[in-house]
Number of protein chains: 2
Amino acid sequence: MSHTLGIRQAQKQKTRQALLDAALGLLEEQSLSSLGLREVTRAVGVAPTAFYRHFRSIADLGVALVEEALGSLHPMIRTTVATTDDSDQRIQRAVELIAGHVSEYPAHVRFIARERHGGVQPVREAIRDQLARFAEEVRAELAKDAESEGWSDDDLLMLAHLYVDQMLITASLFLEAMEATEEDREHVEQVATRQMRLISIGRHHWLD
Amino acid sequence: MSHTLGIRQAQKQKTRQALLDAALGLLEEQSLSSLGLREVTRAVGVAPTAFYRHFRSIADLGVALVEEALGSLHPMIRTTVATTDDSDQRIQRAVELIAGHVSEYPAHVRFIARERHGGVQPVREAIRDQLARFAEEVRAELAKDAESEGWSDDDLLMLAHLYVDQMLITASLFLEAMEATEEDREHVEQVATRQMRLISIGRHHWLD
DNA sequence: TCATCCAGTTAACAACTGTTCTCTGGATTT
DNA sequence: AAATCCAGAGAACAGTTGTTAACTGGATGA
């Protein structure tokens, strides 16, 4: 139950969101470490000093963007992994889900791919933490699976990280393919599906 | 057979290398898109305008750094994949080789990881091209393997990309672990080895 | 030996940056 | 109704940026 905000708080949140949106837009053709505070406020149409009412620095804004881009993704990942029908169909659904997310939030995906190893430490750490949470959640779901009998928790987490990294690679490839032909996009989908399948086969025979 | 350079050419190459080295150093705590031309020349101790004698722009310098970081790596990758003894030992050697390379050229590894999805298009493209070459070379080596009988070229390339991406992920993890404890570094090595092994198991049962 | 070349220098430019302090006027609270 | 609050504006700061033009002086080639 969220309390209704006053006019003042509402307007403040609106400006804050405008700053985040403008920053995300400007980051399509540069990195966070070269993004200027004035550049962002100029794009919003607000005085440079207004920035400080919302963020301590550009790095601070970057951390907020990480939360916006990844924070709401946890339930989605959970339910996708949790689906316990035929393995091949599960993979295909996962790949389609990634493709859909990339075409709906391309700027968010680009931001995460770019800043995961980017030049701003607090942002790198925020992304690392979120991805570690993803891996842990995937591990927990995998543990429920019948196929995980006899697996150590360490190995399950190892596999979960493999899946999470593969998701990011796939998302990044879909992003690159967005401005390519439909044929190229289908090729990316096919390769991603096969890579996931190969990993799943490795998982199936891990205990042999 | 390299012809001996005149004093002039030699001095020019020396300055050019100093610019590359200084840039690589400065890039440890920022991205290429925020690196300034004056910043680099200041670090070398040379006038800003001297920069233009060697590079058209910072992006141009970035492309040269990609060549420096990845260009000499092709024979190394080839011979590593080509080694045809026991599979588990091959994986362990590959991981050790990555660890060695990271501790010998950490700045190069950081640069590639950072700019692969970074904000400078020509640099992204240069890295993409080099990695595609790696994948193609790995595919060619895998094709010679007895285990690759019955595999399509498409599937071999799919697997090769999986290996190349896994190498990069592993290298990036070793880099992060460089300032951590010996225990952490061993953990990274163990996880990377197991992930490679799982992929190899998937490869072994791919045609079932 | 002498004319040419060219890597690096010097000086200057307009434009940009993050941050400070002071102020304003509408929303909020008393 | 009056007092307080606070998001955003405005002006000014010292310092930075990429790029230009004209130069210097040692290496080079005739």
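Values below: all heavy atoms of this structure, side chains included; hydrogens, waters and symmetry mates excluded. Chain naming here is simple, since letters A, B, ... match the order of the sequence lines and numbering starts at 1 in each.
- Regarding contacts with the backbone of dA7(D), every side-chain N or O of T15(A) stays at 4.0 angstrom or more from both OP1 and OP2.
- At a non-hydrogen distance threshold of 4.0 Å, R38(A), V46(A), A47(A), T49(A), A50(A), R53(A), H54(A) from residues 26-58 of chain A come into contact with DNA chain D.
- Two residues are said to be in side-chain contact when any heavy atoms from C-beta on lie closer than 4.5 Å; F111(A) and R116(A) fail this criterion.
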- prompt: Would E141(A) and K144(A) count as a salt bridge (charged side-chain N to carboxylate O under 4.0 Å, His left out) if you check the C-alpha gap in whole Å, the side-chain angles of each, and the deciding distance to 0.1 Å?
  reply: CA-CA 5 Å; E141(A) 290 301 326; K144(A) 295 178 187 170; 3.4 Å; yes
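- Partner of H54(B) under the side chain to side chain contact (heavy atoms under 4.5 Å, CB included) criterion, out of Q13(B), R16(B), Q17(B): R16(B) alone.
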message: As a check on the pairing definition, encode DNA chain C in dot-bracket form, counting Watson-Crick and G-U wobble pairs whose two distances are under 3.5 Å, and using | for partners outside this strand.
response: ||||||||||||.||||.||||||||||||
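- Taking atom NZ of K12(B) as the reference point, atom C1' of dC6(C) lies 8 Å away to the nearest angstrom.
- Using a 4.5 Å heavy-atom threshold, the side chains of W151(B) and R139(B) count as separate.
- G119(B) and R124(B) make their closest contact through C-NH1, 3.8 Å (heavy atoms, listed as atom of the first residue, atom of the second, distance).
- Between the CG atom of L5(A) and the P atom of dA27(C) there is a distance of 15 Å, given to the nearest Å.
- Atom CD of Q9(A) is separated from atom C1' of dG8(D) by 15 Å (rounded to the nearest Å).
- Put simply, CD on Q13(B) is 18 Å from P on dA27(D), counting in whole angstrom units.
- Taking atom CG of L61(A) as the reference point, atom P of dG18(C) lies 12 Å away to the nearest angstrom.
- In summary, of the residues considered (D154(B), L142(B), V164(B), V138(B)), a side chain to side chain contact (heavy atoms under 4.5 Å, CB included) with L159(B) occurs for L142(B) alone.
- Nearest heavy-atom pair, M76(B) versus L97(B), reported as atom, atom and distance to 0.1 Å: CE-CD2, 2.5 Å.
- Distance, I7(B) CD1 to dG8(C) P: 14 Å, rounded to whole Å.
- The closest side-chain heavy-atom distance from F51(B) to V44(B) is not below 4.5 Å.
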